[in-house]
Amino acid sequence: MSIKRPVYPPFSPLNELDLVTGFYGVQESRALYKQLLEENAWPDNHYEVDGRRFELPRQQTWHADPGIRYSYSNNLLQTRPWTPLLQSIRQRVERAAGARFNSVLVNLYRTGDDYVGWHADDEPELGQAPLIASLTLGASRTFAWQHRDSHEEGRMKLHSGTVLLMRPGFQHHWFHCIPRDPDIREGRINLTFRKVIPQE
Ligand SMILES: [Mn+2]
C-alpha cells in the first residue's frame with residue numbers, strides 16, 4: 001500500500017486529494033466487488049421527489065450507525081445497517097485515513113453509461129470541512145474535478161483497490177464528477193465513507 005499525490009496540472013494549488021494505491025490487491029478487490037454486487041440489496045433507481053419521478057444514473061445504498069440522518073439520503077434512500085462485510089471494510093479504511101466514519105454511501109455504476117454529474121459533497125451534516133474516503137472496486141473510471149471559482153480542471157483514473165482521500169477543503173473549493181464513458185461495459189462499485197454530524 002502506498003499513498004501518493006496524483007499528478008496535477010502545472011502550478012495547481014490543489015493539494016486536497018490523496019490516492020492510496022493498492023489498498024486492496026487485485027484478487028481481493030475482485031472478490032470484494034463480486035461479493036458486494038451479489039449480497040447488497042440494490043434498490044430500484046427510480047425515485048420520486050416533490051411529486052416528480054426521476055431515474056438516478058446509478059444504483060445506491062446508504063448504511064449508517066444508529067441515529068445518523070443525512071438529508072441527501074433521507075430524501076432518496078432508506079438508512080440500512082452495516083453488514084459484516086461493510087464493517088470490515090470500514091475498519092480498514094479508517095486505519096488508512098486516520099479518521100472515523102459513521103456512514104457509507106455505496107454506488108454501483110453498472111456500466112460506463114452510469115455516472116454522477118458535477119457536485120460537491122457539502123451538505124451541512126458533513127460539517128465545514130469533511131474528510132471523505134472513496135474506495136473503488138471493479139472497473140476503472142475517470143474522476144474529474146473543477147475549481148468553483150477559477151474553473152481549473154483536472155482528472156485521474158480511479159482503479160480497482162484504490163482509496164481516494166478527499167481531504168478537508170476539497171468539497172469547499174472543488175466540484176467533482178464521474179463522467180459517462182460508453183466504452184466501459186463493466187461495473188464499478190464505489191464506497192464513500194463519511195462522518196455525518198448529528199443535527200440538533
Ligand atoms: Mn461525491
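Read the numbers this way: they start at 1 and go in the same order the structure lists the ligands and their atoms.
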Under the ring-ring contact (aromatic ring centres under 6.0 Å, His included) criterion, do W145 and F175 qualify, and how do the steps go? CA-CA 5 Å; W145 57 86; F175 292 114; over 10 Å; no

Output the rest of the hydrophobic cluster of I184: all Ile, Leu, Val, Met, Phe, Trp and Tyr residues reachable through side-chain heavy-atom contacts under 4.5 Å, sorted by chain and number. none

Can you name the one residue among R80, K195, R90, R100 that meets salt bridge (charged side-chain N to carboxylate O under 4.0 Å, His left out) with D65? R90

Number of protein N, O or S atoms [distance to the Mn ion (ligand 1) under 2.8 Å]: 3

Is it the case that over 12 heavy atoms from other parts of the model lie below 6.0 angstrom from the CD atom of E94? yes

Output all residues satisfying side chain to side chain donor-acceptor pair (under 3.5 Å) with H173, sequence neighbours left out; order by chain, then residue number. E16

Hey, could you give me each pair passing ring pair (Phe, Tyr, Trp, His ring centres under 6.0 Å) that has a residue in residues 92-137? Not counting sequence neighbours. H119-H176

